[in-house]
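Okay, so here's the structure we're looking at.
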Amino acid sequence: MRQARPDPLRRRYDGSRHVTLATEDRTMTIDRTIVFARCRDGQIIHHFAHRVMANAGRAAVGACDQDAVGLSDLARNEWHRHSARLPPGRRSQLVAEMGHVIDIGNVRPYSIVHANGSILQGLPSPHLPLVAEAIKWADVPRKPLLTFGPSATLALVNFILDGIPGAIDAAAWPFDSELTVCDTGQSPYPPQHRDNATASRIGTGTEHRDEGDDIAFMLLQRSEVWQRPVNALYNMRQRNLAIGCERKMPDPSGPVIVFDTLSAEVEPTLSRSSWLATWYLVDADRPIWGEERVAVAIDTSKILRDDVRTIGTPWPACIYDPIEGECYGMAPHLFAQSSSLAVSVLQ
């Protein structure tokens with residue numbers, strides 16, 4: 001969950017789904033139509049079709065002449081197709097979204113399927129299990145390497161950033177100097193991606209204040225944000241995160257546990273934190289889903305502070321948040337230091 005910060009935008013809410021924002025930035029021009037059908041249970045379809053316009057320092061979201069109903073069967077069919085590759089315990093986490101983005105007449109179709117943030121289709125993703133076969137934690141080979149997948153890495157970094165209590169000096173900065181965390185308007189999720197968005201590295205003493213990009217982010221963000229009453233809108237400290245690291249380790253040769261998603265059970269903090277994780281095992285290049293979720297206790301003040309090592313390159317990643325919805329970014333696989341976490345099986 002993201003913390004609030006002073007809002008640089010002036011908002012007006014007229015009681016309908018039409019939201020108008022104003023800023024001093026006069027250079028930003030957007031004319032984008034976003035249309036999608038989203039399925040979360042294999043039956044009910046949620047439709048979204050609106051136009052985002054920004055010009056001369058003012059921006060608005062309103063109705064459009066597009067219809068998402070025609071995407072319903074595609075979304076429902078994709079949900080059922082991918083549910084067949086998940087163990088029964090993970091099917092309730094599945095989300096299938098089919099849509100298209102229209103920018104000044106240019107149409108970009110897209111599809112995204114994820115399970116609690118673990119991306120299964122539509123965006124480049126790691127080699128995930130393809131069948132519903134699952135293994136219990138108790139049957140995992142002894143002493144596997146523990147890693148965080150892209151979506152878990154994104155969730156962890158985002159959580160730590162939100163746990164920083166305002167200004168912080170370099171000595172207390174919770175990230176390794178080799179780990180780069182950038183705040184950007186670019187996104188692997190087409191509805192909120194902006195090609196010309198600026199990016200800035202997050203570090204001690206930095207604070208994102210690009211109001212022009214903030215207003216675009218607010219309106220291009222998923223519908224769950226701006227369709228709320230104005231008093232319930234969240235002020236974002238960050239936009240999308242792009243995470244990288246220069247210190248890499250070779251691909252592991254033995255068994256590997258990948259925590260593919262992390263869901264925090266506490267408010268953002270730099271103290272020890274509690275999480276629920278989904279996972280899968282990779283052994284002899286064969287991935288297999290973990291049958292049960294596990295509880296993970298993480299020392300968030302230390303786990304990314306020293307000797308951070310990543311495996312491979314960054315991948316599109318997603319955090320599923322019960323309040324904000326889906327948040328996207330780019331993140332690599334991250335080696336999990338066993339001295340900074342403890343894993344237990346939920347009973």
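Because the structure is predicted, anything quoted here is derived from the model rather than measured.
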### Query
Does a salt bridge link Asp139 with Lys136, judged by any charged N lying under 4.0 Å from a carboxylate O?
no

### Message
Donor-acceptor check, side chain of Glu265 to backbone of Ser273, threshold 3.5 angstrom: yes or no?
### Response
no

### Query
Other hydrophobic cluster members with Met98, side-chain heavy atoms of Ile/Leu/Val/Met/Phe/Trp/Tyr under 4.5 Å, chained?
Val35, Leu71, Leu74

### Query
Can you tell if the side chain of Phe159 reaches within under 4.5 Å of the side chain of Ile319, non-hydrogen atoms only?
no

### Query
Which atoms form the tightest heavy-atom contact between Pro188 and Leu123, and what is the distance?
O-CD2, 3.2 Å

### Task
Compare every heavy atom of Trp315 with every heavy atom of Ser125, then report the nearest pair and how far apart it is.
O-CZ3, 3.2 Å

### Set of ring-ring contact (aromatic ring centres under 6.0 Å, His included) partners for Trp79, sequence neighbours left out
none

## Note on the structure
Note: Gly163 and Leu270 closest approach over all heavy atoms is O-CG, 3.7 Å

### Query
Does some side-chain heavy atom of Arg38 sit less than 4.5 Å from a side-chain heavy atom of Arg40?
yes

### Query
How about Thr310 and Arg247: does a side-chain donor come under 3.5 Å of a side-chain acceptor?
no

### Crowding at NZ, Lys248 (>12 non-hydrogen neighbours, <6.0 Å)
yes

### Query
Quick one: are Arg194 and Thr184 in side-chain contact, heavy atoms under 4.5 Å?
no

### Modelled atom types, side-chain donor and acceptor of Ser200 and Asp183, under 3.5 Å
no

### Message
Quick check on the hydrophobic clustering: are Val345 and Trp289 connected, directly or via other members, by side-chain heavy-atom contacts under 4.5 Å?
### Response
no

### Message
On a heavy-atom basis, which atom in Ile119 and which in Pro316 lie closest, and how many Å separate them?
### Response
CD1-O, 3.6 Å

### Query
Of all residues at least two apart in sequence or in a different chain, which pass the ring-ring contact (aromatic ring centres under 6.0 Å, His included) check with Phe335?
none

### Query
Pick from Gln186, Gln192, His193: which one makes a side-chain hydrogen bond (donor to acceptor under 3.5 Å, both in side chains) with Asn240?
Gln192

### Task
Applying side chain to side chain donor-acceptor pair (under 3.5 Å), run through Thr278 and Thr261 and close with a yes or a no.
CA-CA 5 Å; Thr278 58; Thr261 72; 2.5 Å; yes

### Query
Are Ile160 and Trp173 connected in a single hydrophobic cluster, I mean Ile/Leu/Val/Met/Phe/Trp/Tyr linked by side-chain heavy atoms less than 4.5 Å apart?
yes

#### Entry: Shared hydrophobic cluster for Ile311 and Val181 (ILVMFWY, side-chain gaps under 4.5 Å)
no

#### Entry: Exercise: do Gln121 and Ser111 side chains pair donor with acceptor under 3.5 Å
yes

### Message
Quick check for you: to the nearest 0.5 Å, what is the distance between His100 atom NE2 and Asn106 atom CG?
### Response
13.0 Å

### Task
With the side chain counted from C-beta on, respond yes when Leu341 and Ile303 share a heavy-atom pair under 4.5 Å apart, and no when they do not.
yes

### Message
Measuring only between side-chain heavy atoms, which start at C-beta, is Pro174 closer than 4.5 Å to Ile164?
### Response
yes

### Message
Please list all pairs meeting salt bridge (charged side-chain N to carboxylate O under 4.0 Å, His left out) that have one or both residues in residues 103-122, counting only residues at least two apart or in different chains.
### Response
Arg32-Asp103

### Message
For a side chain to side chain contact (heavy atoms under 4.5 Å, CB included) check, start with the C-alpha distance between Leu161 and Phe175, then their side-chain angles and the critical distance, and finish with the verdict.
### Response
CA-CA 9 Å; Leu161 283 173; Phe175 296 110; 3.6 Å; yes

### Spacing of CD1 belonging to Ile243 relative to CE belonging to Met330, to within rounding of 0.5 Å
10.0 Å

### Summary
In this structure, CD1 of Ile102 is separated from CG of Asp31 (nearest 0.5 Å) by 10.0 Å

### Message
Can you tell me if Asp285 has over 12 outside heavy atoms packed within less than 6.0 Å of its CG?
### Response
no

### ILVMFWY network linking Val52 to Phe36, side-chain heavy atoms under 4.5 angstrom
yes

### Tyr320 versus Gln93, side-chain donor and acceptor atoms under 3.5 Å
no

#### Entry: Ion pair Arg286/Glu133, N-O distance below 4.0 Å
yes

### Message
So that I know where these two stand, are Trp137 and Trp279 an aromatic pair - ring centroids less than 6.0 Å apart?
### Response
yes

### Message
What verdict does the side chain to side chain contact (heavy atoms under 4.5 Å, CB included) test give for Asp41 and Leu94, after you've listed the backbone C-alpha separation in whole Å, the side-chain angles of each residue and the deciding distance to 0.1 Å?
### Response
CA-CA 7 Å; Asp41 62 0; Leu94 189 62; over 6 Å; no

### Task
Give the intermediate values and the outcome of side chain to side chain contact (heavy atoms under 4.5 Å, CB included) for residues Val113 and His82.
CA-CA 8 Å; Val113 181; His82 285 279; 3.8 Å; yes

### Query
Charged N to carboxylate O under 4.0 angstrom, Asp299 versus Arg305?
no

### Query
What's the verdict on side chain to side chain contact (heavy atoms under 4.5 Å, CB included) for Arg309 and Cys245, showing C-alpha distance, side-chain angles and the deciding distance?
CA-CA 7 Å; Arg309 287 173 285 168; Cys245 184; over 6 Å; no

### Task
Scan side-chain atoms only and decide if His114 and Glu326 contain a donor-acceptor pair under the 3.5 Å cut-off.
yes

### Task
Working to the nearest 0.5 Å, report the span between CG of Leu179 and CD1 of Ile202.
10.5 Å

### Query
With a 4.5 Å heavy-atom cut-off, do Thr33 and Asp65 have their side chains touching?
no

### Task
Would you name the heavy atoms of Gly42 and Arg76 that are closest together and state the gap between them?
O-CG, 3.3 Å

### Query
So do Tyr110 and Glu97 actually touch side chain to side chain, heavy atoms under 4.5 Å?
yes

### Query
Are Val258 and Ile288 connected in the hydrophobic side-chain network, where two residues link if heavy atoms are under 4.5 Å apart?
no

### Test item: Asp260 side-chain N/O and Ser118 main-chain N/O as donor-acceptor pair under 3.5 Å
no

Show the atom names and distances, to 0.1 Å, of all donor-acceptor pairs under 3.5 Å that link a side chain in residues 142-154 to residues at least two apart or in another chain.
unit_1: Thr147; atom_1: OG1; unit_2: Ile257; atom_2: O; d: 3.1
unit_1: Ser151; atom_1: OG; unit_2: Gly117; atom_2: O; d: 2.7
unit_1: Ser151; atom_1: OG; unit_2: Cys318; atom_2: N; d: 3.0
unit_1: Ser151; atom_1: OG; unit_2: Cys318; atom_2: O; d: 3.2
unit_1: Thr153; atom_1: OG1; unit_2: Gly149; atom_2: O; d: 3.0
unit_1: Thr153; atom_1: OG1; unit_2: Pro332; atom_2: O; d: 3.1

#### Entry: Beyond-backbone contact of Asn158 with Leu241, side-chain heavy atoms, under 4.5 angstrom
yes

### Query
Is Ile44 isolated, or which residues cluster with it under the ILVMFWY side-chain rule of less than 4.5 Å, directly or via members?
none

### Query
Once you round to the nearest 0.5 Å, how far does CD of Gln43 lie from NE2 of His80?
7.0 Å

### Query
To the nearest 0.5 Å, what is the distance between CG (Asp307) and CD (Glu178)?
10.0 Å

### Query
Does atom CZ of Arg293 have more than 12 heavy-atom neighbours from other groups under 6.0 Å away?
no

### Query
For His46 and Phe48, what are the C-alpha separation, side-chain angles and deciding distance, and is it a ring pair (Phe, Tyr, Trp, His ring centres under 6.0 Å)?
CA-CA 7 Å; His46 298 275; Phe48 178 85; over 10 Å; no

### Task
Identify the two heavy atoms, one from Ala75 and one from Cys39, that lie closest to each other, and give their separation to 0.1 Å.
O-CB, 4.0 Å

